[in-house]
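Only one structure is covered here, and it is reproduced in the block below.
Start at 1 with the first residue, then count along the sequence.
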Amino acid sequence: MGSVDKYIFKTVLASFALVLVSLTGVIWITQALRGIDLMTSQGQTIVTFLGITGLVIPALVLIIAPIALMIAISHTLNKLATDSEIIVMNAAGFSPFRLFYPFFYATCVVAAMVAFIGAYLAPDGMRRIKQWDAEITADVLTNILQPGRFAQLDQNLTIRIRERLPGGVLGGIFVDDRRDPQERVTIVADHGTVLKNESGSYLVLEDGNLERFEVGKRDPALVVFQRYAFDMSKFSQGRDVTLGIRERYMWELMWPDENDPVYQQLAGQFRAELHDRFMAPIYPFAFAALTFAFLGAPRTTRQSRNFSIGGSVAAVFGLRMVGFACSVLTVKTPLAALVQYLMLFAGIGIGLWMIIGGVVVEPPARLMEQINRNNERIARFFRRPATA
């Protein structure tokens, strides 16, 4: 790339990164607020909250990246046009198609990133979310035990906690264990914490007393302790995680296990998801070609670009909406995937044809006349009468 190409290439990628981070951050915050109950009702830490909600970012980037690229290309072209750089480059012998080169290089970078995210990073993040969620929901101490309630964990085993304190501390713990027919154990502790290690999961009780009633004895045995470990491994065992379609890697969708019960029930959704992964890197090229076709033609600063901007947004938005519709139809109609491929390549072809042919998208003269007349009528309507 020459100096001009490098300048445009860096400008597009810098704008793309800024827009991508901004849009992803806004949407991530709205998604993260839905999981705030991990910290409030389930007593998880801020690290767990950020870790689980942050794993959804690759899936968001997969959808947002093509749109961010379109905005970045629009911004760069508008900046070049405002500074009359497109006019100068056109006068120096740069054809619109030659000017498209650095935008094409930037699109290749974005497409490669989207392909990697769709094939591996996004499904890996989604399956980590599911596994992490399974570990949390399998932990009885964070789900079944609710402050102020007596929880029947097992036959003849009852546990109650008074409140949840910051840092994962459980305050006011009561345990009534009658699982052993030869004795009954009642434990009251001021507070406690959860300890997990290789040997199992334990409820570590602190500053309390243990009362043991044994069969055949008249008086109970009372023990005052500063620290006592109550085994909870039986109630904190993990459960099997069944991966959904979005948690599958690209190669798992291409060559699914015929005996997989999920595949047997949802073969159509497997097909639709696979085609979506294939088409994800194609959307940046379609968006880039259409955006440049509307905005890349040389214009003077006196010529309005509003109509071209609106046309590029409408074209990209329509292409994406039809793509979503075809993805839904692909579940039951495999032919819809072919329509989506043809639609994408048609968008790329039309965009390249407009770029090579130097087609300038401008509103019809009659439409502009009508708009001007309407503007004059509105101005006269709101114009104040002259005072004497």
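One N or O on the side chain of Gln264 and one on the backbone of Glu258 form a donor-acceptor pair closer than 3.5 Å. The backbone N or O of Asn156 sits nowhere less than 3.5 Å from a side-chain atom of Arg178 that would complete a donor-acceptor pair. In this structure, the side chain of Glu211 does not engage the main chain of Thr186 through any donor-acceptor pair within 3.5 Å. A distance-only check finds no donor-acceptor pair linking the side chain of Thr291 to the backbone of Ala288 [under 3.5 Å]. Under a 3.5 Å cut-off, the side chain of Arg271 and the backbone N or O of Val331 do form a donor-acceptor pair.
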Requested in this report: Determine, step by step, whether Leu121 and Phe116 satisfy the side chain to side chain contact (heavy atoms under 4.5 Å, CB included) criterion, reporting the C-alpha distance in whole Å, the side-chain angles of both residues, the deciding distance to 0.1 Å, and the verdict.
Outcome: CA-CA 7 Å; Leu121 199 59; Phe116 172 71; 4.2 Å; yes
Query - Full working for salt bridge (Lys or Arg N to Asp or Glu O under 4.0 Å) between Asp5 and Arg98 - result: CA-CA 10 Å; Asp5 293 336; Arg98 175 63 184 83; 2.8 Å; yes
Requested in this report: Decide side chain to side chain contact (heavy atoms under 4.5 Å, CB included) for Ser74 and Leu295; before the verdict, give the C-alpha distance in whole Å, the side-chain angles of both, and the deciding distance to 0.1 Å.
Outcome: CA-CA 7 Å; Ser74 301; Leu295 301 174; 3.7 Å; yes
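Here the closest non-hydrogen pair linking Leu69 and Phe16 is N-CD1, 3.5 Å. Closest of all the heavy-atom pairs between Pro66 and Leu62 is CD-O, 3.7 Å.
Hydrophobic clustering (ILVMFWY, side-chain heavy atoms < 4.5 Å, transitive): Ile348 and Leu290 are in one cluster. Under the 4.5 Å side-chain heavy-atom criterion for Ile, Leu, Val, Met, Phe, Trp and Tyr, Phe278 and Leu338 are members of distinct hydrophobic clusters. Following chains of ILVMFWY side-chain contacts shorter than 4.5 Å, one can reach Phe345 starting from Met343, so the two form part of one hydrophobic cluster. Follow the hydrophobic side-chain contacts under 4.5 Å out from Phe292 and you reach Leu352 in the same cluster.
Between Ser327 and Gln340, some side-chain heavy-atom pair lies under the 4.5 Å cut-off. With a 4.5 Å cut-off on side-chain heavy atoms, Leu344 and Leu319 count as touching. Considering only heavy atoms from C-beta on, Leu203 comes within 4.5 Å of Leu170 through its side chain. In this structure the side chain of Leu157 reaches within 4.5 angstrom of the side chain of Val175, judged on heavy atoms.
If you take CD on Gln269 and CD1 on Ile245, they are separated by 4.0 Å, rounding to the nearest 0.5 Å. For the atom pair CE of Met250 and CD of Glu273, the computed distance is 9.0 Å after rounding to the nearest 0.5 Å. Taking CG from Leu80 and NE2 from His75, the interatomic distance works out to 9.0 Å, rounded to the nearest 0.5 Å. Once rounded to the nearest 0.5 Å, the distance linking CG of Leu253 with CH2 of Trp251 reads 10.0 Å. Separating the CD1 atom in Ile117 from the CZ atom in Arg277 is a distance of 12.0 Å, to the nearest 0.5 Å. One distance of note links CD1 of Ile63 with CG of Leu23; it measures 13.0 Å at 0.5 Å rounding.
Grouped with Val169 in one hydrophobic cluster are Leu165, the linkage being side-chain heavy-atom contacts under 4.5 Å among Ile, Leu, Val, Met, Phe, Trp and Tyr residues.
Under the ring-ring contact (aromatic ring centres under 6.0 Å, His included) test applied with Tyr101, the options Phe104, Phe103, Phe97 reduce to a single match, Phe97. Each of Ile71, Thr107, Ile73, Val316 was evaluated against Phe287; a single residue qualifies, Val316, per the side chain to side chain contact (heavy atoms under 4.5 Å, CB included) test.
Ionic pairing of Asp177 and Arg212 is not present here: no N-O contact between side-chain nitrogen and carboxylate oxygen is shorter than 4.0 angstrom. Salt bridge annotation for Asp176-Arg160: absent, with no cationic side-chain nitrogen under 4.0 angstrom from a carboxylate oxygen.
Shown here are the ring pair (Phe, Tyr, Trp, His ring centres under 6.0 Å) partners of Phe324, two or more places apart in sequence or in another chain: there are none.
Around CZ of Phe317, the count of heavy atoms belonging to other residues, nucleotides or ligands within 6.0 Å does not exceed 12. Taking a 6.0 Å sphere around OH of Tyr120, one finds it holds 12 or fewer heavy atoms contributed by other residues, nucleotides or ligands.
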